Amino acid sequence: MKLHPILQGVVSGLEHFVYPARCQICGYMLHEGDNEYVCSTCISELPRTGFEKYRGNAIEQKFWGKICLQSAFSGFYFRRGERLRKIIHSFKYLGRKDVAVYMGRILGKMMMRSGFNRDYDFLIPVPLHPSKMRKRGYNQTTQLAIGISEVTGLEVREDVLFRVEKGISQTKKRREQRWLSIQTTYECRNADRYVGARLLVVDDVLTTGSTIEVCCNALCRIPGVVLGVVTLATAESR
């Protein structure tokens, strides 16, 4: 039964009183003026890279001589034990896909302010293997792309890049081993639909760049394609 709007507002207010929204980072209750999932203090202290503002940044340099990218950037630095780790953990392992969408909106706003979005037509999330997709129930990278799309208007497309076989765990492998172990895990399909398209590959955390390399190598088979990369975070070099 659908409630009257006034009654629905009362119910929502009671729910907020009994189960107040809390910041996904510090756990404190959210107040008026805070963002939807993260308090204003925590969001302001996330370590932003600023890479969306200029070409030739550290993310683009990571791929020089390996894949041909028009541009690339990561929104934040990923540092173990810090605030962003809690956000990523929540949408990868605690089912909070809404938080991934929220963080995608933040990336979208970065893109809009810098004009980065004007260079692309479609958002291409890095896909999960079907078995992991069934277990998790969603692809967190797709949720990030959805958030970006809500702000920029770029369409999310999942019919071009596919993961075709489950890779070996990438943890604690050297870069060369990581790259070799995922060489057969991504392929491009429906290439005829994207001839000459400008595709922006979306991922959550950039570490060595091995996964992005393989994804872009698959997409490069499309005639005339232009590629870019955006990730929520990048592992900071020490």
Side-chain angles (χ1 to χ4, degrees), residues 51-75 100-101 104-105 107-130 132-133 138-167 178-206 208-232 234:
F51 290 156
E52 75 279 7
K53 300 175 184 177
Y54 60 94
R55 298 292 172 87
N57 60 59
I59 303 304
E60 293 180 7
Q61 292 179 33
K62 185 184 286 286
F63 298 106
W64 284 354
K66 301 169 186 172
I67 50 177
C68 186
L69 294 179
Q70 176 166 272
S71 55
F73 85 94
S74 297
V101 174
R105 292 190 200 113
L107 283 177
K109 290 175 183 177
M110 292 179 183
M111 292 167 61
M112 293 290 285
R113 285 193 292 267
S114 66
F116 189 96
N117 58 295
R118 292 195 294 267
D119 294 334
Y120 299 98
D121 303 311
F122 304 111
L123 300 168
I124 311 298
V126 170
L128 290 179
H129 187 274
K132 185 170 286 187
M133 184 75 168
Y138 61 92
N139 180 357
Q140 75 278 358
T141 305
T142 298
Q143 302 307 310
L144 285 171
I146 288 171
I148 294 172
S149 176
E150 289 178 0
V151 175
T152 64
L154 299 176
E155 292 184 43
V156 181
R157 294 291 181 88
E158 296 184 276
D159 64 339
V160 59
L161 188 63
F162 292 85
R163 184 155 186 167
V164 295
E165 98 183 25
K166 194 168 186 177
R178 288 167 60 92
W179 192 83
L180 288 171
S181 71
I182 59 176
Q183 276 299 285
T184 59
T185 59
Y186 297 93
E187 68 177 31
C188 174
R189 301 176 188 170
N190 303 313
D192 57 315
R193 300 178 187 176
Y194 296 96
V195 173
R198 302 175 300 170
L199 307 180
L200 184 60
V201 178
V202 182
D203 204 0
D204 49 11
V205 181
L206 180 69
T208 66
S210 301
T211 298
I212 292 294
E213 281 185 56
V214 179
C215 289
C216 288
N217 281 332
L219 293 171
C220 277
R221 298 168 190 164
I222 303 173
V225 74
V226 173
L227 297 177
V229 169
V230 59
T231 71
L232 177 63
T234 180

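Just so it is clear, the structure is predicted and the values come from calculations on it, not from any experiment. FYI, side chains are in, hydrogens and waters are out, and symmetry mates aren't considered; it's all heavy atoms of this structure.
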*How long is the gap from CD on E158 to CG on N190, to the nearest 0.5 Å?*
12.5 Å

*Which heavy atom in C216 sits nearest to a heavy atom in V201, and how many Å separate them?*
SG-CG2, 4.2 Å

*In Å and rounded to the nearest 0.5 Å, what is the CD1 to OH distance from I146 to Y138?*
11.5 Å

*asked:* As an exercise, state the distance from CZ of F51 to CE of M110, rounded to the nearest 0.5 Å.
replied: 11.5 Å

*Qualifying salt bridge (Lys or Arg N to Asp or Glu O under 4.0 Å) pairs, either residue in residues 215-225, two or more places apart*: none

*Sequence neighbours excluded, which residues qualify as salt bridge (charged side-chain N to carboxylate O under 4.0 Å, His left out) partners of D159?*
R193

_Tell me which one of I212, V202, V214, V229 satisfies side-chain contact (heavy atoms from CB on, under 4.5 Å) with V126._
I212

_Value rounded to 0.5 Å, distance of CG in N139 from NZ in K132_ = 10.0 Å

_Distance check, rounded to the nearest 0.5 Å: L199 atom CG versus L154 atom CG?_
11.0 Å

*Can you name the residues that form a side-chain hydrogen bond (donor to acceptor under 3.5 Å, both in side chains) with S74, not counting sequence neighbours?*
T231

*Measure the spacing between SG of C220 and CD1 of I67 and express it to the nearest 0.5 Å.*
7.0 Å

*Do you see a donor-acceptor pair shorter than 3.5 Å between the side chains of Y186 and T211?*
no

*asked:* So which atom in L200 and which in G228 form the shortest heavy-atom distance, rounded to 0.1 Å?
replied: CD1-C, 3.4 Å

*Listed by chain and number, what are the side-chain hydrogen bond (donor to acceptor under 3.5 Å, both in side chains) partners of Q140, not counting sequence neighbours?*
R136, D204

*List for me each residue that meets side-chain hydrogen bond (donor to acceptor under 3.5 Å, both in side chains) alongside N57, sequence neighbours excluded, and say none if there are none.*
none

_Distance-minimising heavy-atom pair for W64 and G56_ = CZ2-CA, 4.0 Å

_Donor-acceptor contact present, side-chain Q143 to main-chain V101, <3.5 Å_ = no

_Residues that E187 engages under salt bridge (charged side-chain N to carboxylate O under 4.0 Å, His left out), provided they are two or more places apart_ = R189

_Pairing residues for R157 by the side-chain hydrogen bond (donor to acceptor under 3.5 Å, both in side chains) criterion, not counting sequence neighbours_ = E155, Y194

*According to the side chain to side chain donor-acceptor pair (under 3.5 Å) rule, which pairs have a member within residues 110-119, sequence neighbours left out?*
R55-D119

_With A191 via side chain to side chain contact (heavy atoms under 4.5 Å, CB included) - residues at least two apart_ = C188, I222

_Just to verify, what does F73 make a ring pair (Phe, Tyr, Trp, His ring centres under 6.0 Å) with, not counting sequence neighbours?_
F116

*salt bridge (Lys or Arg N to Asp or Glu O under 4.0 Å) contacts touching residues 140-150 (sequence neighbours left out)*: R105-E150

*asked:* Minimum heavy-atom separation for L227 and V225, please, with both atom names.
replied: CD2-CG2, 3.9 Å

*Could you tell me which non-hydrogen atom of V156 sits nearest to which non-hydrogen atom of S149, and how far apart they are?*
CG2-CB, 3.8 Å

_Pairwise side-chain contact, Y120 with Q70, heavy-atom cut-off 4.5 Å (strictly under)_ = yes

*Indicate the atoms forming the closest heavy-atom contact of G209 with F63, along with that distance.*
O-CE2, 3.6 Å

